[in-house]
Amino acid sequence: MDLQRRAPRPAAACHGGGAPGATLSVRWVPYDRGYGTTFGRPEVEAFRLRLADEPLAEDDPLPAIARGIEALDTAAARRVDLQLTREEGPGDLVMGINGVPSWEAEPLVAAVGETAVWTIENTMEFDHPFHLHGFFFQVLGADGQPVRPLAWKDTVNVPVDGAARFAVRYDNRPGMWMFHCHILDHADAGMMGMLQVVR
């Protein structure tokens with residue numbers, strides 16, 4: 001499992017300077033999410049942006065940072081290891097987590113106040129954006145440390161033949177919470193589960 005592997009993000013690429021009067025080309029850049037999703041398509045110019053031929057505007061000063069983000073303490077964190085899987089065979093596409101589709105899966109159980117480190121491994125030749133309802137998390141690097149700059153997320157991409165890891169603290173929101181691939185066809189095909197947080 002490769003926690004370092006990161007394919008380039010899909011984006012509009014902007015080529016050119018920002019000088020007054022300059023014309024910028026904004027381009028669509030293909031991103032292969034697996035299974036040849038780009039079909040070998042080249043970059044395409046989406047549009048051109050012509051900057052006014054006027055002196056550069058001065059930016060207002062940035063506001064002061066209102067709060068800092070502290071890294072979650074994972075020293076005593078519980079491990080949650082999940083694999084994103086697909087059943088082989090004829091018939092309808094059936095996906096799952098740890099080989100079990102959502103309609104057959106038992107909920108994961110956690111306690112309010114507990115911290116966990118989730119490792120999501122992708123066994124398929126297709127990226128999966130993994131989404132957790134109800135809680136924000138901090139993405140971790142291969143060294144187990146939070147990715148900088150520190151940020152709260154609720155979705156992380158799990159690349160082809162790779163993995164993603166994050167730390168989450170279950171704050172005071174008991175109840176049943178969903179997690180799933182955010183490609184909704186995949187969630188509908190079974191790549192979804194439930195997290196029951198209890199007091």
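Since we're looking at a predicted model, the values are computed, not measured. Note that these values count all heavy atoms, side chains included, but never hydrogens, waters or copies made by symmetry.
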Looking only at heavy atoms, what is the nearest atom pair of [X] and [Y], with distance?
X	Y	answer
Arg78	Ala110	NH1-CA, 3.9 Å
Cys181	Ala187	O-CB, 3.6 Å
Ala111	Val197	C-CG1, 4.1 Å

Under 3.5 Å, is there a donor-acceptor pair between the side chain of [X] and the main chain of [Y]?
X	Y	result
Asn98	Val100	no
Arg50	Gly21	yes
Asn122	Pro159	yes
Thr123	Leu84	yes
Arg173	Gly134	yes
Gln138	Glu70	yes
Asp127	Val160	yes
Thr85	Gly96	yes

With rounding to the nearest 0.5 Å, note down the distance linking [atom1] in [X] to [atom2] in [Y].
X	Y	atom1	atom2	value
Ser102	His186	OG	NE2	13.5 Å
Asp161	Met124	CG	CE	11.0 Å
Met176	Leu108	CE	CG	10.0 Å
Met191	Phe130	CE	CZ	10.0 Å
Gln145	Leu150	CD	CG	10.0 Å

Same apolar cluster: [X] and [Y], side chain cutoff 4.5 Å:
X	Y	result
Val147	Leu72	no
Ile97	Met178	no
Ile69	Phe166	no

Do [X] and [Y] have side-chain heavy atoms sitting under 4.5 Å apart?
X	Y	answer
Pro55	Pro20	no
Val198	Pro174	no
Arg86	Leu93	yes
Leu140	Val117	yes
Asn172	Arg199	yes
Val94	Trp103	yes
Met194	Glu106	no
Phe47	Val26	yes

* Mind running side chain to side chain contact (heavy atoms under 4.5 Å, CB included) on Asp154 and Leu132 for me, showing each step along the way? => CA-CA 6 Å; Asp154 66 6; Leu132 174 63; 5.8 Å; no
* Centroid separation Trp152 to Phe137 less than 6.0 Å ->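 That pair fails the under 6.0 Å test.
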* Test log, rule side chain to side chain contact (heavy atoms under 4.5 Å, CB included), inputs Thr119 and Val80 -> CA-CA 6 Å; Thr119 301; Val80 177; over 6 Å; no
* Asked: Going by atom types only, do Arg48 and Thr23 share a side-chain donor-acceptor pair under 3.5 Å?
  -> no
* Report the C-alpha distance between Arg165 and Ile120 in whole Å, list the side-chain angles of each, state the deciding distance to 0.1 Å, and finish with yes or no for side chain to side chain contact (heavy atoms under 4.5 Å, CB included). => CA-CA 6 Å; Arg165 184 181 293 159; Ile120 317 298; over 6 Å; no
* Asked: Under the side chain to side chain contact (heavy atoms under 4.5 Å, CB included) criterion, do Met192 and Met95 qualify, and how do the steps go?
  -> CA-CA 9 Å; Met192 178 168 58; Met95 296 183 171; over 6 Å; no
* Step by step, work out the ring-ring contact (aromatic ring centres under 6.0 Å, His included) result for Trp118 and Phe179. => CA-CA 12 Å; Trp118 291 43; Phe179 54 88; 5.2 Å; yes
* **Audit row: Arg169, Glu114, salt bridge (Lys or Arg N to Asp or Glu O under 4.0 Å) steps and yes/no** => CA-CA 6 Å; Arg169 184 177 184 278; Glu114 182 179 30; over 6 Å; no
* Sort out for me which residue in His128, His131, His133 forms a side chain to side chain donor-acceptor pair (under 3.5 Å) with His180. =>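 Exactly one candidate clears the test, His133.
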